[in-house]
Amino acid sequence: MRNLSTNEILVITGPTASGKSRLALDLAASIPLEIISADSMQVYRGMDIGTDKPSTEEQSRVAHHLIDIKYPDQEWSVEEFMRLAQRAIKDIQARGRVPCVVGGTGFYIRALLRDYALVDAPPDWEFRRKMQSFARQDGNEALHNLLLDRDPVSWRHLHPQDQKRVIRALEYYEATGKPISSRVGETRAPRYRAAVLGLRWERQELYKKIDTRAEEQFRRGLAEEVAGLLKRGYSEELPSMQGLCYKETCNYLAGLSTLDEAKSLVMRNTRRLAKRQFTWFAKEDGINWIQAGKDRPWDHVVRDAEEMAGR
RNA sequence: GCCGCGGUAGCUCAGUCGGUAGAGCAGCGGACUGAAAAUCCGCGUGUCGCCAGUUCAACUCUGGCCUGCGGCA
């Protein structure tokens, strides 16, 4: 860890509730690092408990980037993540410190490490709305079939029910005249030399941690946090408010479920998220997995991480 | 002790005039290139409490046993 070369970055990933933030903070004791959050939800201000954001104390102990940079009704996307993360990496390196990307949003991390192309095809909400109403009228099949002559590859790969992706593919074609599928195959030289660490838990143990954390989140005032956001006028339809913990709590606050129901839904949906993350990471190569567990002292985990980081 | 009801998937339960079983939830697997904590697709995982009997065939009918719950003593 003492000899991270100048263009090397550190990445800490793993499923939700695996202790990524904690590991990063502990690593900061021996590595002069700054943390860049690769988390699609921690960017939103005022969404603290539900996103299990590092505390203000932790954030002042070690510099954090890409946290609290948006209001819950502002747009946010992988592309902006890439831009801001790249800039943060440059800045941190200019300070002679080590950028440490921490987060469980695999899509963001993959985009950053594989240097996805930043093409001029931003979301076109009017177009999306048009397509949505087309789908409502003529059905998802018909919408999907619009891809047939524009982007046959996507037509083949996307399931007709996957409306979001179908519309995005159409939107991309509309904006660029090229199929989005051509972009997928593009390979580019990675911009960074990254030491990628992944935290791994035995599944049942992780599930138990998830349940415990959910209990804690409600105890710490998740419901009050969500109520406050709603009162400030943030609609529950917003992507931010559709995040884990938030959508379930909105339903509870609207009287659609009891507190206990909301709680167990949060637990279930978090487990499901973890499962999707397993699937995602399983395909990602180059991750150095570190085994964590209730029988494994945490400082062993930290020591493993230090060794792998310094390689 | 007696009477009644029950014992089928991890949980709650449905079911078969006898042809070895299916829902919901949970769970598991997968996809993913500008919403990704989102979105989408797929999969029953089972000594039908145990033992015997009747039958070509028993989860189903009969008997016994075990066990849970309720009631009466």
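Quick note on labels: first sequence line is chain A, next is B, and so on, each numbered from 1. Below, all heavy atoms of this structure are taken into account, side chains as well, without hydrogens, waters or symmetry copies.
- Rounded to a whole angstrom, the distance from the C1' atom of rC40(B) to that of rA35(B) is 14 Å.
- For Arg165(A) and rC40(B), a side-chain-to-base donor-acceptor distance below 3.5 Å is absent, hydrogens and geometry of angles not being considered.
- Note on ring orientation: taking the six-membered ring where Trp is involved, the planes of Trp76(A) and Phe81(A) are perpendicular (angle over 60°, cut-offs 30° and 60°).
- Atoms CD (Gln161(A)) and C1' (rC32(B)) sit 16 Å apart, rounded to a whole Å.
- When the C1' atom is used for both rC17(B) and rC61(B), the distance is 12 Å, rounded to whole Å.
- Between Lys164(A) and Pro122(A), it is Pro122(A) whose nearest contact on RNA chain B lies nearer the 5' terminus.
- For Lys247(A) and rA37(B), the shortest distance from a side-chain N or O to OP1 or OP2 is not below 4.0 Å.
- Between rU33(B) and Tyr172(A), no contact under 4.0 Å exists linking OP1 or OP2 to a side-chain N or O.
- Between the side chains of Ser55(A) and Glu58(A), at least one donor N or O sits under 3.5 Å from an acceptor N or O.
- Judged as a side chain to side chain contact (heavy atoms under 4.5 Å, CB included), and not counting sequence neighbours, the contacts of Ala117(A) are Val119(A), Glu186(A), Arg188(A).
- A search for ring pair (Phe, Tyr, Trp, His ring centres under 6.0 Å) contacts involving Tyr172(A) returns nothing, not counting sequence neighbours.
- The side-chain tip of Arg296(A) does not point at the ring of Trp201(A) from less than 6.0 angstrom away and within 45° of straight on.
- For Asp260(A), the side chain to side chain contact (heavy atoms under 4.5 Å, CB included) partners are Thr258(A), Lys263(A), not counting sequence neighbours.
- Look at the C1' atom in both rU55(B) and rG18(B): the space between them is 9 Å, to the nearest Å.
- Nucleic acid contact class of Thr51(A) (heavy atoms, under 4.0 Å, all strands): base.
- At a threshold of 4.0 angstrom between heavy atoms, the contacts of Asp52(A) with the nucleic acid are absent.
- A straight line from NZ of Lys70(A) to C1' of rA35(B) spans 13 Å, rounded to a whole angstrom.
- Put simply, the side chain of Gln242(A) gets close to the backbone of Glu236(A): a donor and an acceptor are under 3.5 Å apart.
- Comparing the same atom, P, in rA58(B) and in rU62(B) gives a spacing of 16 Å after rounding to whole Å.
- Between rU60(B) and rU16(B), the two P atoms lie 13 Å apart (nearest whole Å).
- Defined by atom type and a distance below 3.5 Å, a donor-acceptor pair is present between the side-chain atoms of Asp26(A) and Trp298(A).
- Across all strands, Trp280(A) comes closer than 4.0 Å to base atoms (heavy-atom distances).
- With a cut-off of 3.5 Å on both pairing distances, the Watson-Crick or G-U wobble partner of rG1(B) is rC72(B).
- Here the P atom of nucleotide rA37(B) and the CD1 atom of Ile210(A) are 13 Å apart, to the nearest Å.
- At whole-Å resolution of the value, CG in Asn269(A) and P in rC40(B) are 13 Å apart.
- The backbone N or O of Pro54(A) lies less than 3.5 Å from a partner atom in the side chain of Gln59(A), making a donor-acceptor pair.
- For rG18(B), there is no paired base (Watson-Crick or G-U wobble, both distances below 3.5 Å).
- Pairing partner, rC25(B): rG10(B), with both Watson-Crick or wobble hydrogen-bond distances short of 3.5 Å.
- At the heavy-atom level, Ala121(A) lies under 4.0 Å from base atoms of the strands shown.
- The aromatic rings of Trp289(A) and Phe281(A) lie perpendicular to each other, with more than 60° between the two planes, well past the 30° mark.
- Residue contacts for Gly50(A): at a heavy-atom cut-off of 4.0 Å it reaches a base atom on one of the strands shown.
- The side chain of Arg276(A) contributes no N or O atom lying less than 4.0 Å from OP1 or OP2 of rC40(B).
- Between the side chains of Tyr71(A) and Arg45(A), at least one donor N or O lies within less than 3.5 Å of an accepting N or O.
- Side-chain proximity of Gln42(A) to rA31(B), rU39(B), rA37(B): nearest is rA37(B).
- The P atoms of rU8(B) and rG49(B) are separated by 6 Å, rounded to the nearest whole Å.
- Between Arg110(A) atom CZ and rA36(B) atom C1' there is a gap of 11 Å when expressed in whole angstrom units.
- Contact of Asp39(A) with rA37(B) (side chain to base): a donor-acceptor pair of N or O atoms is detected under 3.5 Å.
- Near RNA chain B, defined here as any heavy-atom distance below 4.0 Å, there are no residues from residues 212-224 of chain A.
- Qualifying salt bridge (charged side-chain N to carboxylate O under 4.0 Å, His left out) partners for Glu205(A), counting only residues two or more places apart in sequence or in other chains: Lys294(A).
- A donor-acceptor contact under 3.5 angstrom links the side chains of Glu248(A) and Asn269(A), judged on distance only.
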Between protein and nucleotides 27-29 of chain B, what N or O pairs are separated by less than 3.5 Å?
unit_1  : atom_1 : unit_2    : atom_2 : d
rG27(B) : OP1    : Arg271(A) : NE     : 2.5
rG27(B) : OP1    : Arg271(A) : NH2    : 3.4
rC28(B) : OP1    : Arg203(A) : NH1    : 3.0
rC28(B) : OP1    : Tyr207(A) : OH     : 3.0
rC28(B) : OP2    : Tyr207(A) : OH     : 3.1
rG29(B) : OP1    : Arg203(A) : NH2    : 3.2
rG29(B) : OP2    : Arg203(A) : NH1    : 2.7
rG29(B) : OP2    : Arg203(A) : NH2    : 3.3
rG29(B) : OP2    : Lys275(A) : NZ     : 3.1
rG29(B) : N7     : Lys275(A) : NZ     : 2.9

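- Across all strands shown, rG53(B) is found opposite rC61(B) as a Watson-Crick or G-U wobble partner, with both distances under 3.5 Å.
- Nucleic acid contact for Tyr246(A): none, since no nucleic acid atom lies under 4.0 Å from a heavy atom of the residue.
- Counting to the nearest Å, the C1' atom of rU33(B) and the OH atom of Tyr116(A) are 5 Å from each other.
- rA38(B) atom P lies 15 Å from atom CG of Leu238(A), rounded to whole Å.
- Going from atom CH2 of Trp76(A) over to atom C1' of rA37(B) covers 14 Å, rounded to whole Å.
- Arg168(A) comes within 4.0 angstrom of a base, heavy atoms only.
- Contact annotation: Ser40(A) reaches the phosphate of rA37(B) (side-chain N/O to OP1 or OP2, under 4.0 Å).
- Annotation: rG70(B) and rU54(B) have their P atoms spaced 38 Å apart (nearest Å).
- On the C1' atoms, rA37(B) is 35 Å away from rG46(B), given to the nearest whole Å.
- In this structure, rU39(B) forms a base pair with rA31(B), meeting either the Watson-Crick or the G-U wobble geometry with both donor-acceptor distances under 3.5 Å.
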